[in-house]
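Beneath this line is the structure, given in structure tokens, with notes to follow.
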Amino acid sequence: MATKIPYKTYLTEEEMPRSWYNVKAHMKGAHDPFLNPATGKPCTKEDLRAVFCDECIDQELNNTDEYIEIPEDIRNFYKTFRPSPLVRAYFLERILDTPAEIYYKFEGNNTSGSHKLNSAAAQAYYAKKQGLRSITTETGAGQWGTALSMAAAFYGLQLDVFMVKVSSEQKPYRKEVIRTYGANVIPSPSETTEAGRRILREFPETGGSLGCAISEAVEKAQNTPSCRYVLGSVLDHVLLHQSIIGLESKAALEKYGVTPDVIIGCAGGGSNLGGLISPYMGERLQGKNQIEFVAVEPASCPSLTRGKYAYDFCDSAKTTPLAKMYTLGCGFMPSPSHAGGLRYHGMSPIVSRLYHDGYLRAVSVKQSDVFDAAVLFAKCEGILPAPESAHAIRATIDEALKCRKEGRKKSILFGLTGTGYFDLAAYKQYNDKTMNDYVPTDEDLRRGFETIPKCAANDGLL
Ligand SMILES: *Cc1c(COP(=O)(O)O)cnc(C)c1O
């Protein structure tokens, strides 16, 4: 009587979610509040208003509403690239000869090539609705800058993207996509901000860093009338917007009566993972399922598996509020040989709390094993995955092989967050066999932990 499940399932426009899902409504006490580093006290709305859009702040601080309506204008923009397909990985199952059923939600079918557009769309809309003229952000690898340039163009906002200088030189085509959508790309550090000028005076030859780009973008937003800063991961409102991934996946799987046994996502700042798991996690927190949730991170930047649960800055320039999260220290620098993305030092406070409370398992995987999985997947399922996404593929393959060994049938759902067309330098290293699997030593980690602030809130945690 089992319906044969199609290779791809798309929801109809009528079936598309009309609300996002706020998993905090079912977390006991949500997570510890952001702290103002100057006072050590919880951040108020007023602390945040100069930097972020009002509506995003309200969502950030909303710990009670389970569903938050998606405004019609955002649902309309979503129609240009959603629903995304829920795919049954029949070809991967066959090559692995596994009794497991494997499903993935593919978020790479838009020009930015990743799930980041889900939150970019929402944040640009709220900026426009507030009557702002412009927004700023930083981008490292470039996916976020591209997604935000698309959203800013759609809603008619000006956008300045501070792009880490080495990336803007190494990924000139990313930069051109951003410029084509009408945004201004400023290689960081730049002469346009005090933070940039200070760094350039001190280190004239620097290729820049994400921390420096964040400081420049925040400074620009604070000094420009009718401008705010937007962030592409980590924060609660970003996870809220990404819940569209989990809601669509759940609606598609329920058509065939499938509830996953295991849900797997790659974890950088935690936004795609948090969004993918949120509706299922909400049920788990209410005792309605026993799904196993798995976060996959690179062995070279292991914030969950080897980090500390403490208050830390969200940026390496130490300008943001303090967040309670798993962190390697805001001064932690992953090895320069690390090509696979997911190089953020911290982790979403929601994901951190769920992990701390034992609702989520974390694994770390080595770079060359990740690319082995990426290439196997590309050959049998056709999609060239982003290196970040390939972390989830690796863990999925390992789980499916375990099912084969144990002769057990499980349903596995994973998030395929994006495509790898702009990551060919990393694939080149893999093909040339020059890829390196450096794993930080305890001494490397200790140096990172030294950069976690020694404030009262961290007493006993470090
Ligand atoms: C940014 C990015 C990630 C990691 O970010 P999260 O906030 O952890 O989801 C993963 N995959 C792709 C393709 C990305 O662009």
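As the structure lists them, so they are numbered: ligands from 1, and atoms in each ligand from 1.
Counted within 6.0 Å of CD on E93, heavy atoms from surrounding residues, nucleotides or ligands total more than 12; the atom is thus considered enclosed. By the 6.0 Å contact criterion, CZ on R18 is open, its count of non-hydrogen atoms from other residues, nucleotides or ligands being 12 or less.
Atom 4 (C) of ligand 1 has L342 CD2, 3.6 Å as its closest protein atom, hydrogens excluded (heavy atom only). Counting protein heavy atoms only, atom 13 (C) of ligand 1 is closest to T417 OG1, 3.3 Å. Among protein heavy atoms, the minimum distance from atom 10 (C) of ligand 1 is reached at E388 CB, 3.4 Å.
Ion pairing between a basic and an acidic side chain is recognised when a charged N comes within 4.0 Å of a carboxylate O; K220 and E216 show no such pairing. In summary, D398 and K402 do not engage in a salt bridge, as defined by a charged side-chain N under 4.0 Å from a carboxylate O. Using a cutoff of 4.0 Å between basic side-chain nitrogens and carboxylate oxygens, K45 and D54 are not scored as salt-bridged. Look at D261 and K410 and you find no salt bridge, because none of the NZ, NE, NH1 or NH2 atoms lies under 4.0 Å from a carboxylate O.
At least one N/O-N/O distance between K116 and ligand 1 falls below 3.5 Å. Between S233 and ligand 1, at least one N/O pair is under 3.5 Å apart. Considering backbone and side-chain atoms together, G418 places no N or O closer than 3.5 Å to any N or O of ligand 1. For G270, a nitrogen or oxygen atom sits less than 3.5 Å from a nitrogen or oxygen atom of ligand 1, counting backbone and side chain alike. Looking at G269 next to ligand 1, an N or O pair under 3.5 Å apart turns up.
Near H115, meaning under 4.0 Å from one of its heavy atoms, ligand 1 places the atoms 2 (C), 3 (C), 9 (O), 10 (C), 11 (N), 12 (C), 14 (C). Atoms of ligand 1 lying under 4.0 Å from at least one heavy atom of C266, given by number and element, are 10 (C). Close approach to A386 involves these atoms of ligand 1, each under 4.0 Å from a residue heavy atom: 13 (C). Short contacts between ligand 1 and Q143, defined as distances under 4.0 Å to a heavy atom of the residue, involve ligand atoms 15 (O). Interface atoms of ligand 1 facing G268, defined by a heavy-atom separation under 4.0 Å, are 8 (O).
The only member of E69, H237, H241 that meets side-chain contact (heavy atoms from CB on, under 4.5 Å) when paired with W20 is H241.
For the residue pair Y229 / Q222, no side-chain donor-acceptor distance below 3.5 Å is found, with atom types taken as modelled. In this model, a donor atom of one side chain and an acceptor atom of the other lie less than 3.5 Å apart for Y430 and D372.
Although no hydrogens or angles enter the test, the distance criterion places a donor-acceptor pair under 3.5 Å between the side chain of T136 and the main chain of A217.
Looking at V238 against ligand 1, nothing comes within 4.0 Å, counting heavy atoms. Contact annotation: for S114 versus ligand 1, heavy atoms closer than 4.0 Å belong to the side chain alone.
Residue-ligand proximity: E107 is placed with every non-hydrogen atom at 4.0 Å or more from ligand 1.
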